[in-house]
> 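I have a structure here, written as structure tokens, and I will follow up with some questions on it.
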Amino acid sequence: MARSYIPIEIERRVRKDARNRCGYCLSPQHLVMARLEIEHIIPISKGGSNDESNLWLACPLCNGYKSDKTTGVDPETAEKIELFNPRTQVWSEHFYWSEDGLCIVGKTPTGRATVVVLHLSDDPDAIEVRSYWVSAGWHPPKN
């Protein structure tokens, strides 16, 4: 499927609103070795649009895991739950950083389902990179 066109002025506003960091893992653009991507919170394939209200920033890793998913299963309740919406929900209400700063922990059903679907605490590459960021004093980010 061809990437839909997002006008540059909308992309600039999304990047500014997202504070130039991934809406899911909070990785900032200046530490990620790839351009943060404009992602569709509700994918086009599921009826989402290119409206600014449906767009946010995601790192390639989170965006790749999210793909066209909009729900996940809460591992505590086994219920199907809507994934975290970084545009309308507050990150700190649904997640927190593990004590060592390497893993994201879900506090709510939404947070727990999102952690599982996006592999926010078990992707070995992400954990390794975060360990270097922690050593350098750059991580975990302040909400």
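Keep in mind that this is a model prediction, so the values were computed, not measured. Sequence positions, counted from 1, serve as the residue numbers for this chain.
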> Going hydrophobic residue to hydrophobic residue with side-chain gaps under 4.5 angstrom, can you get from Ile38 over to Trp56?
no
> So which atom in Ala58 and which in Glu39 form the shortest heavy-atom distance, rounded to 0.1 Å?
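Taking Ala58 first and Glu39 second, the nearest heavy atoms are CB-CG, 3.8 Å.
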> Connecting only ILVMFWY residues whose side-chain heavy atoms lie within less than 4.5 Å of each other, what is the rest of Ile42's hydrophobic cluster?
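None; Ile42 is a cluster of one.
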> Tell me, do Leu57 and Cys22 make a side-chain contact under 4.5 Å, heavy atoms counted?
no
> Between His139 and Trp97, is the ring-ring contact (aromatic ring centres under 6.0 Å, His included) condition met? List the steps.
CA-CA 10 Å; His139 191 78; Trp97 288 99; 4.5 Å; yes
> Provide the closest heavy-atom pair for Val115 versus Ser121 in the form atom of the first, atom of the second, distance.
CG1-OG, 3.9 Å
> Using the rule that Ile, Leu, Val, Met, Phe, Trp and Tyr join whenever any side-chain heavy atoms are under 4.5 Å apart, tell me whether Trp91 and Ile41 fall into a single cluster.
no
> Would the distance check show the side chain of Lys107 and the main-chain N or O of Tyr96 forming a donor-acceptor pair, the cut-off being under 3.5 Å?
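Side chain of Lys107 to backbone of Tyr96, a donor-acceptor pair under 3.5 Å: no, none is there.
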> Show the nearest heavy-atom pair for residues Ser49 and Asn54, with the distance to one decimal.
O-ND2, 2.9 Å
> Can you name the closest pair of heavy atoms from Val116 and Pro75 and give their distance?
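Closest pair (atom of Val116, atom of Pro75, distance): CG2-CG, 3.9 Å.
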> Do Val73 and Ile81 come within less than 4.5 Å of each other through their side chains, counting heavy atoms only?
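Side-chain contact under 4.5 Å: no.
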> Tell me, please, which residues at least two apart from Arg112 pass salt bridge (Lys or Arg N to Asp or Glu O under 4.0 Å).
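So Arg112 forms a salt bridge (Lys or Arg N to Asp or Glu O under 4.0 Å) with Asp74, Glu76.
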> Tell me if the NZ atom of Lys16 is crowded by more than 12 foreign heavy atoms within 6.0 Å.
no
> Please check if the side chain of Arg130 supplies one atom and the backbone of Leu102 the other of a donor-acceptor pair under 3.5 Å.
yes
> With no hydrogens and no angle check, is any side-chain donor or acceptor of Asp123 less than 3.5 Å from a backbone partner on Ala126?
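Side chain of Asp123 to backbone of Ala126: a pair is present.
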> Relative to each other, are the rings of Tyr65 and His119 parallel, tilted or perpendicular (30° and 60° limits)?
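Rings of Tyr65 and His119: tilted, as their planes differ by 30° to 60°.
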> Within this structure, what is the NZ-CG distance for the pair Lys66 and Leu118, rounded to the nearest 0.5 Å?
7.5 Å
> Is there a donor-acceptor pair closer than 3.5 Å between any side-chain N or O of Gln29 and the backbone N or O of Ala34?
yes
> I'd like to know whether the aromatic ring centres of Phe84 and Phe95 sit less than 6.0 Å apart in this structure.
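They qualify: ring centres under 6.0 Å apart.
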> Would you check if there is a donor-acceptor pair between the side chains of Asp68 and His40 at a distance under 3.5 Å?
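Absent: no donor and acceptor within the cut-off.
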> Distance-only, no hydrogens or angles: does the Ser98 side chain make a donor-acceptor pair with backbone N or O of Cys103 under 3.5 Å?
yes
> Quick check against the 3.5 Å criterion: does Arg19 have a side-chain atom that pairs as donor or acceptor with the backbone of Leu26?
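No; judged by distance alone, with no hydrogens or angles, the pair does not exist.
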> Would one find more than 12 heavy atoms of other residues, nucleotides or ligands at under 6.0 Å from atom NZ of Lys80?
no
> Tell me whether Gln89 contacts the main-chain N or O of Asn85 through its side chain, where contact means a donor paired with an acceptor under 3.5 Å.
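A pair under 3.5 Å: yes.
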> For atom CD of Glu9, is the number of surrounding heavy atoms from other residues, nucleotides or ligands below 6.0 Å larger than 12?
yes
> Taking a hydrophobic cluster as the set of Ile, Leu, Val, Met, Phe, Trp and Tyr residues connected by side-chain heavy atoms closer than 4.5 Å, whether directly or through intermediates, do Ile104 and Ile127 fall within one such cluster?
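No, Ile104 does not connect to Ile127 through the hydrophobic network.
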> Using atom types as modelled and distance alone, determine if a side-chain donor or acceptor of Thr77 lies under 3.5 Å from a backbone N or O of Glu79.
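Such a contact is found between Thr77 side chain and Glu79 backbone.
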